[in-house]
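Scroll down for the structure; my scribbles are underneath it.
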Amino acid sequence: MIIAQGVRDAVQSAVISTVNDSYDNVYHGVREGYSGAYQPSADEFEESLDYGDIYGRLDNLLELRQENGYHVKYAGDEAEFRLSNLSVHLRNMPLAPSDPDNANGYLADAVIRLEVPMRFGGNILPPMTINLRVQAKYMPLF
């Protein structure tokens, strides 16, 4: 559980960083009370979503190595855990939303699979496998 909490925190940090990096693409509708990822194009606005490099951030944060489609953390020669199947979904704020409370906002939902090898009494057990879910919301401060 300690590993799962640490990995979840790192994934959340990477997702928040990705959302914050999208700041350049956000149309500043602060006067209207919302912000979404849009850029002006001729006489209209086009959606501009940036998924960033979440695996790259995780590799740096957790010192992971890429092996056979997994991102693996080692403790000495032993694999401590491995990550795979990262899925990120960005939900853009609609331009001129009808919801004045800005409930939906610009959201990033991420899911990643965590596998932790288990051993007890010198025996190898099936790994603990869970899907970690995190969410980050972009909110303009000014």
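In this text, all values refer to a predicted model and were calculated from it rather than measured experimentally.
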**Prompt:** Does Val111 share a hydrophobic cluster with Tyr70, counting links as ILVMFWY side-chain heavy atoms below 4.5 Å and allowing steps through other members?
**Reply:** no

**Prompt:** So, Arg119 and Glu78, do they make that salt bridge, N to O below 4.0 Å?
**Reply:** yes

**Prompt:** With a 4.5 Å heavy-atom cut-off, do Tyr74 and Glu80 have their side chains touching?
**Reply:** no

**Prompt:** Does the side chain of Val72 reach to within under 4.5 Å of the side chain of Leu64, using non-hydrogen atoms?
**Reply:** no

**Prompt:** Can you tell me how far OG of Ser13 sits from CG of Leu61, rounded to the nearest 0.5 angstrom?
**Reply:** 5.0 Å

**Request:** Evaluate the side-chain proximity of Tyr55 to Gln66: yes if any heavy-atom separation is below 4.5 Å, no if none is.
**Result:** no

**Prompt:** Met1, Val134: one ILVMFWY side-chain cluster at the under-4.5 Å cut-off?
**Reply:** no

**Complete:** Value for NZ (Lys73) from CG (Leu83), rounded to nearest 0.5 Å, stands at 11.0 Å

**Message:** If you define the side chain from C-beta out and look only at heavy atoms, does anything of His71 sit under 4.5 Å from Phe81?
**Reply:** no

**Request:** Drop me the distance from Arg82's CZ to Asn68's CG, to the nearest 0.5 angstrom.
**Result:** 8.5 Å

**Prompt:** Tell me, do Arg133 and Asp109 make a side-chain contact under 4.5 Å, heavy atoms counted?
**Reply:** no

**Message:** So Leu86 and Ile54, do their side chains get closer than 4.5 Å, heavy atoms only?
**Reply:** yes

**Fill in**
Gly69 and Ser84 have their tightest heavy-atom pair at O-CB, 4.2 Å

**Check against side chain to side chain contact (heavy atoms under 4.5 Å, CB included), Ile112 and Asn85** = CA-CA 6 Å; Ile112 195 166; Asn85 297 337; over 6 Å; no

**Fill in**
In this structure, CD of Glu115 is separated from CD1 of Ile130 (nearest 0.5 Å) by 10.5 Å

**Message:** Can you confirm whether more than 12 heavy atoms, excluding those of Gln5, are under 6.0 Å from its CD atom?
**Reply:** yes

**Asked** At their closest point, which heavy atom of Ala4 faces which heavy atom of Leu132, and how far apart are they?
**Response** O-CD1, 4.0 Å

**Over 12 non-hydrogen atoms of neighbours within 6.0 angstrom of CG in Asn131** = yes

**Message:** Quick check: is Leu125 connected to Val116 through a chain of hydrophobic side chains (ILVMFWY, heavy atoms under 4.5 Å apart)?
**Reply:** yes

**Complete:** Looking only at heavy atoms, the pair that brings Ala79 and Pro117 closest together is O-CG, 3.5 Å

**Prompt:** How about Gln12 and Ile16: do any of their side-chain heavy atoms sit closer than 4.5 Å?
**Reply:** yes

**Asked** Honestly curious: do Val88 and Leu62 fall in one hydrophobic cluster under the side-chain, below-4.5 Å linking rule?
**Response** yes

**Message:** Once rounded to the nearest 0.5 Å, what's the spacing between atom CG of Asn123 and atom CE of Met118?
**Reply:** 13.0 Å

